[in-house]
Amino acid sequence: MQAAGQAFDSFVSELYRSGLYVPREGSRSWALHCLKPLIPFDAALWGSGNVRNWRFHTTTLVGIPEEYPRALEETRPINPMIPKIVTNLDTPVDMEDCVPDRKFYASEFYERAFKPFNIQRILSTAHVEPRSGLVSLLSLYRFSRKASFTEAEKALHKRATFHLFLAASHAYFLHLLRTFIEEREAGGAAAVVDKEGAFHEVQPRFLDLLEKHFKGKRLSRLPFPIPSPGEARTVEGL
């Protein structure tokens with residue numbers, strides 16, 4: 001037990017201390033490989049999106065091909081894990097706890113979403129940032145039906161995902177500090193958005209400024225059009 005605790009502490013320390021030195025583009029894959037010795041898995045998906053549509057904006061895949069997220073999204077309406085994940089945020093959800101094996105392996109969603117990728121066991125945890133609507137989902141997969149996730153592994157998954165999501169956001173903005181925020185006046189804040197203005201990453205101070213200057217607006221996206229190239233948009237520190 002003591003050795004397991006030390007291994008977890010080392011994992012958490014590595015996430016926070018080394019995140020800045022790992023290239024941003026590969027940081028999630030690196031973090032998942034750090035997790036693998038603690039919770040063995042054959043494949044993994046780390047996806048981010050928005051609570052308004054529960055679709056992925058970005059995905060990091062380990063051990064599975066790029067077409068997998070599309071198959072997962074196409075079967076979302078018939079996937080029995082989704083309702084349980086949504087109503088049990090920050091808690092690991094095991095497919096075995098949602099559907100009996102006999103029903104799962106005979107189902108349409110298994111045939112379409114999991115069987116083509118040899119996924120047999122699934123453990124997923126989702127987190128939603130209430131202010132921004134950002135969703136993070138981490139799913140671990142095993143290719144053997146005999147390799148069920150244990151209760152100890154589920155408990156570890158719960159603790160690990162908390163630090164994975166937080167450390168990833170922390171590292172992302174440390175990289176931004178290097179390239180952007182340090183060049184601006186003190187008290188600045190930042191957010192990363194897509195072409196429609198939906199948040200991918202957002203600092204709490206950025207949300208504070210939006211709430212101050214755009215009262216009553218939805219905060220899952222920018223409350224103003226994205227400026228065209230060369231056009232500035234400044235809102236007291238943004």
Side-chain angles (χ1 to χ4, degrees), residues 4 7-8 11 28-29 31-130 133-165 168:
F8 183 81
F11 161 74
R28 288 186 175 187
S29 295
L32 288 172
H33 284 293
C34 291
L35 176 66
K36 197 169 186 177
L38 294 177
I39 310 175
F41 58 87
D42 299 305
L45 176 147
W46 185 340
S48 298
N50 194 280
V51 73
R52 294 182 67 184
N53 55 24
W54 282 88
R55 292 191 177 276
F56 297 125
H57 290 162
T58 60
T59 56
T60 296
L61 304 173
V62 174
I64 39 179
E66 294 182 359
E67 58 266 28
Y68 173 68
R70 181 176 179 181
L72 198 61
E73 287 190 341
E74 288 176 347
T75 56
R76 183 166 57 98
I78 59 173
N79 189 328
M81 286 189 77
I82 302 301
K84 193 162 185 178
I85 290 173
V86 172
T87 55
N88 292 272
L89 297 173
D90 301 304
T91 300
V93 175
D94 190 332
M95 180 63 85
E96 285 191 81
D97 297 329
C98 297
V99 182
D101 279 359
R102 184 173 62 178
K103 183 177 179 180
F104 172 58
Y105 294 118
S107 67
E108 179 185 357
F109 52 85
Y110 170 71
E111 289 289 331
R112 292 173 55 189
F114 303 120
K115 185 178 179 179
F117 307 97
N118 194 32
I119 293 172
Q120 309 298 324
R121 296 298 179 191
I122 308 158
L123 185 64
S124 301
T125 299
H127 173 74
V128 175
E129 290 290 341
L134 287 171
V135 176
S136 297
L137 174 71
L138 177 60
S139 294
L140 303 182
Y141 307 113
R142 288 174 175 168
F143 296 159
S144 171
R145 295 189 185 186
K146 297 179 180 180
S148 296
F149 289 96
T150 67
E151 292 303 316
E153 288 172 332
K154 294 175 189 179
L156 193 56
H157 193 268
K158 180 180 177 71
R159 296 173 63 199
T161 50
F162 172 84
H163 291 287
L164 284 164
F165 296 154

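What's counted below: heavy atoms across the whole structure, side chains too, no hydrogens, waters or symmetry copies. As the structure is a computational prediction, the values presented were derived from the model and not from experiment.
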Honestly, is R142 close enough over F149, meaning NZ or CZ under 6.0 Å from the six-membered ring centre and within 45° of the axis?
yes

So if I apply the side-chain contact (heavy atoms from CB on, under 4.5 Å) rule between F104 and each of M95, R145, E96, which one comes out positive?
M95

Please report the closest heavy-atom contact between G47 and R28, naming both atoms and the distance.
C-NH1, 4.2 Å

Min side-chain heavy-atom separation V135-S48 under 4.5 Å:
no

Is it the case that the ring center of Y141 lies less than 6.0 angstrom away from the ring center of Y68?
yes

Identify the residue among D42, D101, D94 that makes a side chain to side chain donor-acceptor pair (under 3.5 Å) with R121.
D101

Rounded to the nearest 0.5 Å, the OG atom of S139 sits from the CH2 atom of W46 at a distance of 12.5 Å

Heavy-atom pair with the smallest gap, counting every atom of F8 and L156:
CD1-CD1, 3.4 Å

For residues 56-65, dump all side-chain donor-acceptor pairs below 3.5 Å to protein atoms at least two apart in sequence or in another chain.
residue, atom, partner, partner atom, Å
H57, ND1, H200, NE2, 3.4

Just checking R70: does its CZ atom have more than 12 heavy atoms from other residues, nucleotides or ligands closer to it than 6.0 angstrom?
no

Determine whether more than 12 heavy atoms belonging to other residues, nucleotides or ligands lie under 6.0 Å from atom NZ of K103.
no

What distance separates S136 OG from H127 NE2, expressed to the nearest 0.5 Å?
6.5 Å

Can you check side chain to side chain donor-acceptor pair (under 3.5 Å) on S107 and R102, steps first, answer last?
CA-CA 9 Å; S107 67; R102 184 173 62 178; over 6 Å; no

Has the side chain of E74 got a donor or acceptor atom that lies under 3.5 Å from a matching backbone atom of A71?
no

Testing T91, L164, L138, L38 for side-chain contact (heavy atoms from CB on, under 4.5 Å) with H157, which one passes?
L138

What pair of heavy atoms forms the shortest contact from E67 to F117, and how long is it?
CG-CE2, 3.9 Å

With a 4.0 Å cut-off, would you call E151 and K154 a salt bridge?
yes

Gap between atom CZ of R159 and atom CD1 of I39 - 0.5 Å precision:
10.0 Å

OG1 (T75) and CG (L72) are apart, to the nearest 0.5 Å, by 5.5 Å

Could you please spell out the steps behind the side-chain contact (heavy atoms from CB on, under 4.5 Å) verdict for Y110 and Q120?
CA-CA 9 Å; Y110 170 71; Q120 309 298 324; 3.2 Å; yes

Might you point out which heavy atoms bring P83 and P80 nearest each other, and give the distance in Å?
CD-O, 3.5 Å

Between D90 and T161, does a side-chain contact (heavy atoms from CB on, under 4.5 Å) hold up when you go through it step by step?
CA-CA 8 Å; D90 301 304; T161 50; over 6 Å; no

Rounded at 0.5 Å granularity, tell me how far NZ in K158 sits from OG1 in T125.
7.5 Å

Can you tell me how far the CD1 atom of I119 sits from the OG atom of S144, to the nearest 0.5 Å?
13.5 Å

